[in-house]
**Student:** 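Dumping the structure here so I can ask a few things about it.
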Amino acid sequence: MKRIFLLIMAMSLVYVTAHAQDAYSQQMQTAVTKLDNAKTVKDYQLLADNFLRIADGQKDQWLPYYYAAFCNAKIGWLKQNDDPDNIEPFANKAAGEIKKAGMLIDTAKQKKELAELYCIHMMLNQARVFINPQTYGREYGPTAFNYLQMAKQADPDNPRMLYLLGWQKFATPKMWGGDKAQAKQLLTNAKQKLAGEPSAGLAPHWGKKEVEEILEQLK
C-alpha cells in the first residue's frame with residue numbers, strides 16, 4: 001500500500017511539473033511573438049512587465065529576465081532622441097534584470113548564452129550614454145564597448161554582437177573610430193547569420209529589423 005501511495009505521489013509530481021513547464025512555454029512563446037512585432041516604447045514596456053510576471057512564476061529560467069532586460073534597454077535606445085532625460089530608470093531596470101539572468105546560467109559552460117547577456121549589458125550602458133553623451137560618454141561608452149568585446153570573445157558568431165559592432169562603427173564619428181565601410185561589412189555578416197537562425201521560438205533571434213534599417217541608410 002505504501003509503495004502504491006508513493007508511486008501515485010511521484011506520478012502527480014511529474015504531472016504538475018510537466019503542466020507548469022508547458023504553461024511556461026506557452027506564455028513565453030506568446031510574449032516572444034509579440035516582441036517580434038514590437039515597435040513603440042509602450043509595446044516594450046508592456047512586454048517587459050509581462051516577461052517579469054513570467055519570471056516570477058518560473059524563477060529558475062534565465063530567458064524571462066533576459067527578455068525583460070532587453071525590452072528596458074531597447075526603451076532607452078528608443079528614447080535617445082526625444083526623451084533622453086527619462087532613460088535612466090529603464091537602464092537601471094535592465095541592469096537588475098540582466099544580473100538575475102546571469103545568475104541562472106553557467107558562465108563557464110554556456111558561452112553562447114553568456115554572449116547574449118553581454119549584448120544586453122552593452123545596450124543598457126549605451127543607453128546611459130544617450131542620456132547625455134558629454135557627461136556620461138566617458139564613463140559608460142568604454143563599458144559598453146568592453147561588454148561587446150566580451151560578447152565577441154564568448155561567441156564570435158553571435159549575430160546580435162555583430163549587429164551592435166556594426167552599429168558602433170556606423171554611429172561613431174570618423175575622428176573617433178567610426179567607419180561606414182566596416183559597419184556595412186559587419187552588418188552584412190550579421191544579416192547572413194540572422195538569416196540562418198530560426199525566425200521564431202524562445203531563443204534570442206532579434207536583430208533583423210535593426211540591421212535592415214542601418215543597411216538601408218548605407219546604400
Side-chain angles (χ1 to χ4, degrees), residues 20-80 82-107 110-131 140 143-144 147-148 150-151 154-155 158-161 163-164 167 194 197-210:
Q21 186 63 36
D22 186 55
Y24 162 78
S25 297
Q26 290 181 4
Q27 291 173 348
M28 282 293 291
Q29 188 58 69
T30 299
V32 172
T33 299
K34 290 180 179 179
L35 179 61
D36 289 340
N37 298 294
K39 295 179 181 179
T40 68
V41 167
K42 185 176 181 180
D43 290 339
Y44 286 105
Q45 283 181 297
L46 291 172
L47 283 164
D49 292 340
N50 193 5
F51 281 119
L52 281 179
R53 283 193 294 271
I54 296 172
D56 286 340
Q58 200 82 16
K59 295 183 181 295
D60 61 340
Q61 299 288 337
W62 69 277
L63 275 173
Y65 290 115
Y66 164 87
Y67 278 121
F70 168 70
C71 288
N72 281 309
K74 183 70 175 182
I75 290 170
W77 283 51
L78 291 174
K79 285 179 172 284
Q80 64 177 292
D82 300 327
D83 193 21
D85 291 340
N86 289 313
I87 289 175
E88 188 168 13
F90 296 99
N92 290 342
K93 287 180 182 180
E97 291 151 0
I98 205 64
K99 181 178 179 181
K100 289 180 180 178
M103 293 171 67
L104 294 171
I105 70 167
D106 186 336
T107 57
Q110 294 176 277
K111 294 299 184 180
K112 290 185 180 297
E113 290 84 351
L114 187 59
E116 300 289 359
L117 301 188
Y118 285 151
C119 286
I120 305 303
H121 277 289
M122 180 278 178
M123 288 183 66
L124 73 89
N125 278 283
Q126 184 61 47
R128 296 186 192 279
V129 175
F130 295 147
I131 298 171
Y140 295 112
T143 302
Y147 271 117
L148 205 45
M150 291 162 67
D155 182 9
N158 184 288
R160 281 153 291 283
M161 174 275 297
Y163 149 63
L164 292 169
W167 175 87
L194 284 163
E197 287 188 337
S199 59
L202 301 189
H205 53 266
W206 60 269
K208 293 180 178 69
K209 59 185 177 182
E210 290 88 349

**Student:** Can you check whether Arg160 reaches Pro204 side chain to side chain, under 4.5 Å on heavy atoms?
**Tutor:** yes
**Student:** Tell me whether Gln26 contacts the main-chain N or O of Ala23 through its side chain, where contact means a donor paired with an acceptor under 3.5 Å.
**Tutor:** no
**Student:** For side-chain contact (heavy atoms from CB on, under 4.5 Å), just list the numbers for Tyr147 and Leu124, CA-CA rounded to whole Å, side-chain angles, deciding distance to a tenth of an Å, and then say yes or no.
**Tutor:** CA-CA 10 Å; Tyr147 271 117; Leu124 73 89; over 6 Å; no
**Student:** Within the distance-only criterion (no hydrogens, no angle test), does the side chain of Asn37 pair as donor or acceptor with the backbone N or O of Thr33 below 3.5 angstrom?
**Tutor:** yes
**Student:** Can you name the closest pair of heavy atoms from Leu117 and Ala101 and give their distance?
**Tutor:** CD2-CB, 4.0 Å
**Student:** Tell me, do Arg128 and Asn92 make a side-chain contact under 4.5 Å, heavy atoms counted?
**Tutor:** yes
**Student:** Could you grab the distance from atom OG1 of Thr40 to atom CD1 of Ile75, nearest 0.5 Å is fine?
**Tutor:** 9.0 Å
**Student:** Shortest non-hydrogen contact from Gln29 to Gly201?
**Tutor:** OE1-CA, 3.6 Å
**Student:** Of the non-hydrogen atoms in Met123 and Trp77, which two are nearest, and what is the gap between them?
**Tutor:** O-NE1, 2.9 Å
**Student:** Under the side-chain contact (heavy atoms from CB on, under 4.5 Å) criterion, do Asn158 and Tyr118 qualify, and how do the steps go?
**Tutor:** CA-CA 11 Å; Asn158 184 288; Tyr118 285 151; over 6 Å; no
**Student:** Take a 6.0 Å sphere around NZ of Lys100 and say whether it holds more than 12 heavy atoms from other residues, nucleotides or ligands.
**Tutor:** no
**Student:** To the nearest 0.5 Å, what is the distance between CG (Asn72) and CG (Leu52)?
**Tutor:** 7.5 Å
**Student:** For Met122, does its backbone N or O pair with a side-chain atom of Gln126 as donor and acceptor, under 3.5 Å?
**Tutor:** no
**Student:** Side-chain contact, heavy-atom cut-off 4.5 Å: Met28 with Phe51?
**Tutor:** yes
**Student:** Can you tell me how far NZ of Lys34 sits from CG of Asp43, rounded to the nearest 0.5 angstrom?
**Tutor:** 10.0 Å
**Student:** Can you tell me how far the CG atom of Asp60 sits from the CE atom of Met103, to the nearest 0.5 Å?
**Tutor:** 13.0 Å
**Student:** Do other residues, nucleotides or ligands put more than 12 heavy atoms under 6.0 Å from Glu88 CD?
**Tutor:** no
**Student:** For Ala127 versus Ala73, what's the shortest heavy-atom pair and its separation?
**Tutor:** CB-O, 4.4 Å
**Student:** Decide yes or no for Glu210 and Trp167: does some side-chain heavy atom of the first lie under 4.5 Å from some side-chain heavy atom of the second?
**Tutor:** no
**Student:** Are any of the side-chain heavy atoms of Ile131 and Tyr140 separated by less than 4.5 Å?
**Tutor:** no
**Student:** Find the distance between CD (Glu97) and CH2 (Trp62) and round it off to the nearest 0.5 Å.
**Tutor:** 14.0 Å
**Student:** Whether the Asp49 and Gln45 side chains hold a donor-acceptor pair (N or O, under 3.5 Å, no angle test) is what I'd like checked.
**Tutor:** no
**Student:** Between Tyr163 and Cys119, is there a side-chain heavy-atom distance shorter than 4.5 Å?
**Tutor:** no
**Student:** Salt bridge (Lys or Arg N to Asp or Glu O under 4.0 Å) for Lys59 and Asp56? Distances and angles first, verdict last.
**Tutor:** CA-CA 6 Å; Lys59 295 183 181 295; Asp56 286 340; 3.7 Å; yes
**Student:** Hey, are the side chains of Glu113 and Tyr66 touching, using non-hydrogen atoms and a 4.5 Å cut-off?
**Tutor:** no
**Student:** Determine yes or no for a side-chain-to-main-chain donor-acceptor pair under 3.5 angstrom, with Asn50 supplying the side chain and Leu46 the backbone.
**Tutor:** no
**Student:** How long is the gap from NZ on Lys74 to CG on Leu47, to the nearest 0.5 Å?
**Tutor:** 12.5 Å
**Student:** Do we see a donor-acceptor contact under 3.5 Å between the side chains of Asp22 and Ser25?
**Tutor:** no
**Student:** What I'd like to find out is whether the side chain of Leu35 reaches to under 4.5 Å of the side chain of Tyr44, using heavy atoms alone.
**Tutor:** yes
**Student:** Without swapping roles, check the side chain of Tyr67 against the backbone of Leu202 for a donor-acceptor pair under 3.5 Å.
**Tutor:** yes
**Student:** List the steps, then state whether side-chain contact (heavy atoms from CB on, under 4.5 Å) holds for Asp155 with Glu116.
**Tutor:** CA-CA 9 Å; Asp155 182 9; Glu116 300 289 359; 5.8 Å; no
**Student:** Under the side-chain contact (heavy atoms from CB on, under 4.5 Å) rule, what do Gln61 and Ile54 come out as? Steps first, then yes or no, please.
**Tutor:** CA-CA 9 Å; Gln61 299 288 337; Ile54 296 172; over 6 Å; no
**Student:** For atom NZ of Lys209, decide whether the heavy atoms of other residues, nucleotides or ligands shown that lie under 6.0 angstrom number more than 12.
**Tutor:** yes
